[in-house]
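For reference, the structure discussed in these notes is given below.
Keep in mind that the numbers below use all heavy atoms, side chains included, and drop hydrogens, waters and symmetry copies. Below, chain A is the first sequence line, B the second, and so on; all start at residue 1.
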Amino acid sequence: MNLPASEVRSAPAAKERRIPKHLAEEWRGRTYVYLCVLIMIVTIFSIVYFIASRGLAPFISHGVSVSEMMFGLEWRPDGEPAVFGALPFLFGSFSTSLLAAVIAAPLGLCASLFMTEIMPKLGKTVLQPGIELLAGIPSVVYGFVGLSVIVPFLRDVFPGLGVGVLAGSLVLSIMILPTVTTVSTDALRSLPRGLKEGSMALGATRWQTISRIILPTLLPSLLTGVVLGIARAFGEALAVQMVIGNAPHIPHSLFESAATLTSIITLSMGNTTSGSLHNNALWSLALMLLLMTFVFVFVVRMLERRVKR
Amino acid sequence: MSHNAFYTKNLSVYYGEKQAVRKVSMEFPNREVVALIGPSGCGKSTFLRSLNRMNDLIPAARIEGEVWIGGDNICDPNTDVVRLRQRIGMVWQRANPFHKSIYENVAFGARYHGTRNRKELAALVEQCLRKTALWDEVKDRLHQSALALSGGQQQRLCIARSLAVRPSILLMDEPASALDPVSTAKIEELIAELKKDYSIVIVTHNMQQAARISDKTAFFFLGDLIEYDDTQKMFTNPTRKSTDDYISGRFG
């Protein structure tokens, strides 16, 4: 670096026309890190640029209106004329991921309370590895399990074919359980010990301490976990596509087929040619996913700021 | 109640294999301040924490012996620790106000011990804040966050909070060691005031503080209770040489 001390030391070395070893190392290390960061930044911006340029094409060169895309109820890419209303997919994505979060949040929260407050030993040796295992299972396996277990079950118990919003939400809720649990466990572990002791010393029971002190104090961190879970559910394609039925309309019940932004992309992309309107319309859906990701990142940032306060 | 607020009999505390407190028997007089002194790691804080069973929260901790408070041996496994902790307040070195309003901090424990009526609760909160000399400083912002208070104010709030559950005994673990001299003086004044109504046990590293505020002093060393006597005697004419050495700063 440019510390005066190192300049003094490097002076005689310069006479020998050799760069001192520690400075060379410094330079190499910095170059290496800068290079990696540069590659990353270029990659991120090219991806965003690529998605945006393709995703905006239907609006710019094909005359599809933004409001048609956002609020249109019909998706007929092969029709005459072709219609691109993505509202059913938006609805499908939001309903499945929010419902998945509603199911996973209490489960994950209780799991992390169990691991940190109630039985840390059993939690650490059994529950935590189990939940980490859930995170490692590939999504196609989840979809397969959903298709072979959840869908037949729903078909037998409820009206309908089994495939649909509820099946998708159930599969997603298991998939996001690790995210929710891990983030809330970290939050619970970071709780200052004094708060818990302070409450217990006042004669509050464990449940009173958890519900009145621990959870309210950690609420922003816990919500962060839920939002990250929703973000993951929102972006999941394969497992959802396998169980949701993929009907491009807004479902009237939890047991009716639907489709999500991601599932329609994976289903249709093989049948389109690059540069065609249909293909570009799929990119528009991808752009919506990207924008939603920005929103999720923003929400998480806001929550983190509240945690620090 | 007798002259003694409570006493321990052969109280030992283990952390796993390590014995942190060795067979300590002590009597704590009613409405007096007892200071526990000794070098770090001598077991005084551990001893203090076993008086309201806070060591229960540490999985490896184990208690042997007896602590008698008002006719109950609280080391009995059947003890209702919730009731016990209502009778014994505790304050820590680091003020640990809840992330709630000032009012809610004080009202928190009281709600669980029968004071639910809103008027009663408000009166109790005011009374506790007055006792800790906080009322005039915070009465205009009772419903603002307690975290905005200064360190000394937070510590007095924590004392007020424990008074609100109407204990008869207060345990204090270095309550002023993280505070500036002015706040420390306020806490000491407060202790002198509180001993009219409460029996107080205070752990301190500050010899002058022990000499100033306590009626009796106990010197702990390596888990043993070395000497326990009137503060005046302990600081002027202790019986044991190690007590003298510690108090005069020759070790520890």
Inset, instruction - For chain B, find which of A:Ser199, A:Pro120, A:Pro216 contributes the most heavy-atom pairs closer than 4.5 angstrom. - result: A:Ser199
Inset, instruction - Side-chain contact test, heavy atoms from C-beta onward, threshold under 4.5 Å: evaluate it for A:Ile213 versus B:Lys100 and give yes or no. - result: yes
Inset, instruction - Side chain from CB out, backbone as N, CA, C, O: work out which of these in B:Ile88 comes under 4.5 Å of a heavy atom of chain A, or both, or neither. - result: backbone
Inset, instruction - Among A:Thr217, A:Leu218, A:Leu219, find the residue that satisfies the side-chain contact (heavy atoms from CB on, under 4.5 Å) test when tested with B:His99. - result: A:Thr217
Inset, instruction - Take atom CZ of B:Arg141 as the centre, draw a 6.0 Å sphere, and report whether it contains more than 12 heavy atoms from other residues, nucleotides or ligands. - result: yes
Legend entry - Segment of B:Arg161 engaging chain A (4.5 angstrom heavy-atom cut-off): both
Legend entry - Heavy-atom closest contact (A:Ala201 atom, B:Met90 atom, distance): CB-CB, 4.1 Å
Legend entry - Toward chain A, the part of B:Pro97 with a non-hydrogen atom under 4.5 Å: backbone
Inset, instruction - Take atom CZ of A:Phe114 as the centre, draw a 6.0 Å sphere, and report whether it contains more than 12 heavy atoms from other residues, nucleotides or ligands. - result: yes
Legend entry - Options B:Glu104, B:Arg85, B:His113, ranked by heavy-atom pairs under 4.5 Å with chain A, top entry: B:Arg85
Legend entry - Closest heavy-atom pair and its distance - A:Ala204, B:Phe108: CB-CE2, 4.0 Å
Legend entry - B:Arg49 vs A:Glu197 side-chain heavy atoms within contact, under 4.5 Å: yes
Legend entry - Shortest non-hydrogen contact between A:Thr205 and B:Val82, atoms and distance: CG2-CG2, 3.7 Å
Legend entry - A:Arg212 portion near chain B, given a 4.5 angstrom heavy-atom threshold: both
Legend entry - Contact leader toward chain A among B:Arg53, B:Met54, B:Gln86, where contacts are heavy-atom pairs under 4.5 Å: B:Met54
